[in-house]
**Student:** 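This is the structure I want to talk about, given as C-alpha cells.
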Amino acid sequence: MMMEQELKVKKIAVLPAEASSVPAVLDEAGVAFQRIACVDWEKDFPYAPEVSFRIAHTGNHILLEYQVVEDSVAAMAGHDNGRVWEDSCCEFFVQPTADGPYYNVECNCTGTVLLGCGPRREGREHAPASVLKSIKRWSSLGAMPFTERLEKTRWNLALIIPVEAFFHHAIISLEGMPMRANFYKCGDKLTKPHFLSWQKITVDHPDFHRPEFFGSLLFA
C-alpha cells in the first residue's frame with residue numbers, strides 16, 4: 001500500500017486582486033510545485049501528461065496553481081457546473097472535516113468550474129451561481145471554449161478559492177486546519193483519455209470520488 005502523502009499549506013500575507021497574479025505571488029513566497037503523477041489505471045489509460053500543482057492560503061482564501069503539458073487540449077464546457085471533466089481538466093477534491101462531506105472543485109483549461117458537495121459520488125449538490133462567481137480563475141489559454149486541438153500544449157491555470165466556496169461549512173479561517181484532499185488531472189473525452197492523481201487510488205476502474213484515498217493537508 002502506498003504511503004499517504006502529506007502537504008503543509010503555507011500561509012502568505014498577500015491576497016492577489018486577480019487570479020492572473022497568483023503565479024507571481026506564489027513565486028515570491030517560494031511555494032514549491034507537487035507532481036500529479038499516479039497513473040492509477042495504467043493498463044486501460046496509460047497516457048500521462050506532465051502535471052503539477054502548488055497551493056497556499058491567506059487565511060480565508062486558497063491560492064491554487066496548476067502547470068500542464070499534454071498532447072492535446074479541449075474546452076467544450078462553456079458554462080460553470082458543466083461537464084468539465086470531459087475537457088482538459090484539473091481537479092481539487094477536499095474534505096474539510098474528517099467525517100463530513102467533501103467538495104469537488106473541477107476546472108477545465110479555460111477556467112470553467114464545476115463545484116459540488118456531498119458524502120459520495122451519487123447525489124452531489126452543485127454550488128449555486130453566487131458561490132461559483134466568488135471563485136476567481138485565470139488560464140494562459142484564455143476564457144473562450146474551443147474544440148480539441150491536437151498539438152502539444154503547455155498551459156497554466158490559477159484559482160483563488162474563498163472559504164465561502166465550502167458552502168456546507170462555516171469556515172472562518174483556514175489557519176491551523178487539517179483537511180483531507182486529492183488533486184487530479186483528467187480528460188475523459190480527449191483523443192488520449194487519462195486519469196492521474198496526486199495520492200494513489202487503488203480501485204479497479206477510474207473513480208476520483210474516493211475520499212478513503214485522500215492525502216493530508218495542513219494549513220499553516
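Reckoned from all heavy atoms, side chains included, excluding hydrogens, waters and symmetry mates. What you see is a predicted model; the values in this text were computed from it and never measured.
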**Student:** With a 4.5 Å limit on heavy-atom distance, are the side chains of Phe166 and Val94 in contact?
**Tutor:** yes
**Student:** Go through Leu132 and Arg137 one step at a time and tell me if the side chain to side chain contact (heavy atoms under 4.5 Å, CB included) criterion holds.
**Tutor:** CA-CA 10 Å; Leu132 291 163; Arg137 329 82 190 264; 4.2 Å; yes
**Student:** Can you list the residues that meet the salt bridge (charged side-chain N to carboxylate O under 4.0 Å, His left out) rule with Lys189, with sequence neighbours excluded?
**Tutor:** none
**Student:** Give, for atom CZ of Phe219 and atom CD1 of Ile171, the distance between the pair rounded to the nearest 0.5 Å.
**Tutor:** 8.5 Å
**Student:** Could you go step by step and tell me if His57 and Leu217 meet the side chain to side chain contact (heavy atoms under 4.5 Å, CB included) rule?
**Tutor:** CA-CA 12 Å; His57 78 100; Leu217 301 181; over 6 Å; no
**Student:** Do Arg124 and Tyr102 form a cation-pi contact, if we require the NZ or CZ to be under 6.0 Å from the six-membered ring centre and within 45 degrees of the ring's axis?
**Tutor:**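 Yes.
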**Student:** Would Val68 end up clustered with Leu157 when hydrophobic side chains under 4.5 Å apart are linked, directly or stepwise?
**Tutor:**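 Val68 clusters together with Leu157.
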**Student:** Please report the interatomic distance CG(Asn156) to SG(Cys90), rounded to the nearest 0.5 Å.
**Tutor:**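 These two atoms lie 9.5 Å from each other.
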**Student:** Got a list of side-chain donor-acceptor pairs under 3.5 Å for residues 23-34, not counting sequence neighbours?
**Tutor:**
{"unit_1": "Asp27", "atom_1": "OD1", "unit_2": "Arg54", "atom_2": "NH1", "d": "3.0"}
{"unit_1": "Asp27", "atom_1": "OD1", "unit_2": "Arg54", "atom_2": "NH2", "d": "2.7"}

**Student:** So, do Phe53 and Phe92 have ring centers that fall under 6.0 Å from each other?
**Tutor:** no
**Student:** With Glu70, which of Lys185, Lys152, Arg154 fulfils salt bridge (Lys or Arg N to Asp or Glu O under 4.0 Å)?
**Tutor:**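 So, applying the salt bridge (Lys or Arg N to Asp or Glu O under 4.0 Å) to Glu70 and each of Lys185, Lys152, Arg154, only Lys185 qualifies.
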**Student:** Do the side chains of His209 and Asn104 get nearer than 4.5 Å, heavy atoms only?
**Tutor:**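 In short, these two side chains touch, coming nearer than 4.5 Å.
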**Student:** Is it true that Ile161 and Leu7 fall in one hydrophobic cluster, defined by side-chain heavy atoms closer than 4.5 Å?
**Tutor:**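 Yes: a chain of side-chain contacts under 4.5 Å links Ile161 to Leu7.
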**Student:** Sub-3.5 Å donor-acceptor pair from the side chain of Trp198 to the main-chain atoms of Phe214, do we have one?
**Tutor:** no
**Student:** Check Ala74 against Asp87 and note the closest heavy-atom contact, atom names and distance.
**Tutor:** O-CB, 3.2 Å
**Student:** How close do Gln199 and Cys38 get, heavy atom to heavy atom, and via which atoms?
**Tutor:** C-SG, 4.4 Å
**Student:** Looking at OG of Ser88 and CG of Asn108, how far apart are the two atoms once the value is rounded to the nearest 0.5 Å?
**Tutor:** 8.0 Å
**Student:** Nearest 0.5 Å please: distance from the CG atom of Asp71 over to the CD atom of Glu50.
**Tutor:**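 Rounded to the nearest 0.5 Å, the CG-CD separation comes to 9.5 Å.
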**Student:** Give the table of side-chain donor-acceptor pairs shorter than 3.5 Å for residues 112-122, with sequence neighbours excluded, one pair per line with atom names and distance.
**Tutor:**
{"unit_1": "Thr112", "atom_1": "OG1", "unit_2": "Ala77", "atom_2": "O", "d": "3.4"}
{"unit_1": "Arg121", "atom_1": "NE", "unit_2": "Asp207", "atom_2": "OD1", "d": "3.4"}
{"unit_1": "Arg121", "atom_1": "NH2", "unit_2": "Asp207", "atom_2": "OD1", "d": "2.9"}

**Student:** Just do the side chain to side chain contact (heavy atoms under 4.5 Å, CB included) check on Met179 and Leu174 with the steps written out, would you?
**Tutor:** CA-CA 10 Å; Met179 294 191 184; Leu174 295 161; 3.6 Å; yes
**Student:** Nearest 0.5 Å, what's the CD-CD distance between Glu212 and Gln95?
**Tutor:**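 Interatomic distance, Glu212 CD to Gln95 CD, rounded to 0.5 Å: 10.0 Å.
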**Student:** Is any side-chain heavy atom of Val131 closer than 4.5 Å to one of Glu164?
**Tutor:** no
**Student:** Might you point out which heavy atoms bring Asp40 and Leu196 nearest each other, and give the distance in Å?
**Tutor:**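 Here Asp40 and Leu196 meet closest at OD2-C, 4.5 Å.
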**Student:** Which residues pass the salt bridge (charged side-chain N to carboxylate O under 4.0 Å, His left out) test with Glu91, not counting sequence neighbours?
**Tutor:**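 Expected list: none.
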**Student:** So do Val39 and Tyr47 actually touch side chain to side chain, heavy atoms under 4.5 Å?
**Tutor:**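 Counting from C-beta outward, Tyr47 and Val39 never come under 4.5 Å.
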**Student:** Give a yes or no answer on whether the side chain of Tyr103 reaches the backbone of Ala165 with a donor-acceptor pair at less than 3.5 Å.
**Tutor:**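 Checked: no pair found.
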**Student:** Can you tell me if CE on Met177 sees more than 12 non-hydrogen neighbours from other groups inside 6.0 Å?
**Tutor:**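 Yes, enclosed.
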**Student:** Going only through I, L, V, M, F, W and Y residues with side-chain contacts under 4.5 Å, is there a path from Val105 to Val9?
**Tutor:** yes
**Student:** Please give me the minimum heavy-atom distance between Leu190 and Ser72, naming the atom from each residue.
**Tutor:** CD1-O, 4.1 Å
**Student:** For Ala56 and Ile12, work out which heavy atoms get closest and say how close.
**Tutor:** CB-CD1, 4.3 Å
**Student:** Quick one: do Leu15 and Ile160 satisfy side chain to side chain contact (heavy atoms under 4.5 Å, CB included)? Show the steps, please.
**Tutor:** CA-CA 9 Å; Leu15 175 62; Ile160 302 176; 4.0 Å; yes
**Student:** Excluding sequence neighbours, so at least two apart, what forms side chain to side chain donor-acceptor pair (under 3.5 Å) with Glu175?
**Tutor:** Lys11
**Student:** Determine the minimum heavy-atom distance between Leu141 and Cys109, stating which atoms define it.
**Tutor:**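 Here Leu141 and Cys109 meet closest at CB-O, 3.8 Å.
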**Student:** Mind checking the OG1-CZ spacing from Thr202 to Phe213? Nearest 0.5 Å is all I need.
**Tutor:** 3.5 Å
**Student:** How would you list all residue pairs meeting ring pair (Phe, Tyr, Trp, His ring centres under 6.0 Å) that involve residues 110-162, not counting sequence neighbours?
**Tutor:** none
**Student:** Mind checking whether Ile36 and Val69 sit in one hydrophobic cluster, side chains of I, L, V, M, F, W, Y counted as touching below 4.5 Å?
**Tutor:** no
**Student:** Tell me which one of Phe195, Tyr66, Trp85, Phe93 satisfies ring pair (Phe, Tyr, Trp, His ring centres under 6.0 Å) with Tyr184.
**Tutor:**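 That would be Phe93; it is the only one of Phe195, Tyr66, Trp85, Phe93 passing the ring pair (Phe, Tyr, Trp, His ring centres under 6.0 Å) with Tyr184.
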**Student:** Could you state whether Ile62 and Phe183 fall into the same hydrophobic cluster, counting links through intermediate Ile, Leu, Val, Met, Phe, Trp or Tyr residues with side-chain heavy atoms under 4.5 angstrom apart?
**Tutor:**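 Cluster IDs for Ile62 and Phe183 match.
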**Student:** Is there side-chain contact between Pro162 and Lys136, with heavy atoms separated by less than 4.5 Å?
**Tutor:** no
